[in-house]
Amino acid sequence: MSETSVHVNNTKQTNIKSIVITAFFAAVIYLGIQAFRIPLPAAVGTPFLHFGHIFVMLAVLCLGPKRSTIAGVAGLIIFDILNGYIHAIPNVFVSTVIKCLLVGAIFTVLKKKADGNKKKEYIFAVICAAIYGVTNIIVDFVFSTIELMIAGSGLSAAITAELTSIPATMINAVFTVIGIAVLYVPVKNAYDRIAR
């Protein structure tokens, strides 16, 4: 077998493994919402506490910005389609793309800065989970306010309604940070063993 064909076979195996792992994260993200939901009070929408954001964030930390975007969008949108939240898909799509690309890029830079120091990498992962949570609050607030205005609400009424919904988003943000603080090390270790 020539060196070129060995390289092609290795590339194909790497691509297949990458696709399978990305699909696995999408499935786990979907199951993280489907299997565990606690409704939260809000004036707008039907928010609930769930593991979905934790698993999206784990995808960001393990897969990087681009592949985590694919996994996050796929997992969250499949959940929305199968559970009657089709109206939420534009918000979910836009916010997931922004969060995964932004936080993934930040973590990539910080991970290089950690230079193999696992303690620093862990701290950066938790910081990035907080950035993810804050980004989620901001993007959801802006997008939902615009949606309410398109539906006919005035600016002040839309902002007031969305302000009353922020606590539910904040609860999910805090839950995401706690989840990453607990799960990052074991999940990253498992991912490193599988992804080799």
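Cluster annotation: Ile19 is not connected to Val73 through the hydrophobic network of ILVMFWY side chains, with a link wherever side-chain heavy atoms come within less than 4.5 Å. Hydrophobic clustering (side-chain heavy atoms under 4.5 Å, transitive across Ile, Leu, Val, Met, Phe, Trp, Tyr) keeps Ile70 apart from Leu102. A continuous path of hydrophobic side-chain contacts links Val97 to Ile89 [ILVMFWY only; heavy atoms under 4.5 Å]. Hydrophobic clustering of Ile, Leu, Val, Met, Phe, Trp and Tyr side chains at less than 4.5 Å, counting indirect connections, keeps Ile166 apart from Ile171. Cluster annotation: Phe24 and Ile78 are assigned to the same hydrophobic cluster (Ile/Leu/Val/Met/Phe/Trp/Tyr, side-chain heavy-atom contacts under 4.5 Å, transitive).
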(request) Test side-chain contact (heavy atoms from CB on, under 4.5 Å) on Phe141 and Thr169 and set out the steps. (result) CA-CA 9 Å; Phe141 176 81; Thr169 311; over 6 Å; no

(message) Determine whether Val103 and Met57 satisfy the following criterion, side-chain contact (heavy atoms from CB on, under 4.5 Å), listing intermediate values before the conclusion.
(response) CA-CA 9 Å; Val103 178; Met57 190 61 216; 3.5 Å; yes

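Looking at every heavy atom in both residues, Gly52 comes nearest to Ile33 through CA-CG1, 3.6 Å. Across all non-hydrogen atoms, the minimal contact from Lys17 to Ala195 is CD-O, 3.9 Å. For His53 against Thr176, the heavy-atom pair with the smallest separation is CB-OG1, 3.3 Å. Ile137 approaches Ala173 most closely through the heavy-atom pair CD1-CB, 4.2 Å. Shortest non-hydrogen contact noted between Ala71 and Phe25 is CB-CB, 3.9 Å. Considering all non-hydrogen atoms of both residues, Thr108 and Gly104 come closest at OG1-O, 2.7 Å.
For the side-chain hydrogen bond (donor to acceptor under 3.5 Å, both in side chains) test with Asn91, the passing option among Thr96, Asp80, Asp140 is Asp140; the others fail.
For Phe93, the CZ atom sits in a loose shell: 12 or fewer heavy atoms of surrounding residues, nucleotides or ligands are nearer than 6.0 Å.
No side-chain heavy atom of Glu147 sits less than 4.5 Å from a side-chain heavy atom of His87. Leu82 places a side-chain heavy atom less than 4.5 Å from the side chain of Tyr30. Looking at Val60 and Cys128, their side chains never come closer than 4.5 Å, going by heavy atoms from C-beta outward. When side chains are defined from C-beta on, Asn83 counts as touching Gln34, because their heavy atoms get closer than 4.5 Å. Side-chain contact check for Val174 versus Met170: every heavy-atom pair is 4.5 Å or farther apart. A 4.5 Å side-chain heavy-atom check between Phe79 and Arg37 finds at least one atom pair inside the cut-off.
Rounded to the nearest 0.5 Å, atoms CD1 (Ile180) and CG (Leu58) are 3.5 Å apart. From Glu121, atom CD reaches atom CG of Leu61 across 8.5 Å, with rounding to the nearest 0.5 Å. Taking CG of Leu110 as the start and CD1 of Ile131 as the end, the distance is 7.0 Å to the nearest 0.5 Å. In this structure, the separation between SG on Cys62 and CZ on Phe107 is 8.0 Å, given to the nearest 0.5 Å. Leu155 contributes atom CG, which lies 10.5 Å from atom CG of Leu148 (distance to the nearest 0.5 angstrom). Note: Lys111 NZ to Phe124 CZ = 12.5 Å, rounded to the nearest 0.5 Å.
With hydrogens and angles ignored, the 3.5 Å screen pairs no side-chain donor or acceptor of Tyr122 with any backbone N or O of Asn117. Without hydrogens or angle criteria, Asn136 side chain to Tyr132 main chain gives no donor-acceptor distance under 3.5 Å. In this structure a side-chain-to-backbone donor-acceptor pair under 3.5 Å is missing from Ser153 to Met149. For the pair Ser68 (side chain) and Pro65 (backbone), a donor-acceptor distance under 3.5 Å is present.
Using bins of under 30°, 30° to 60° and over 60° for the plane-to-plane angle, the ring pair Phe175/Phe36 lands in the parallel bin.
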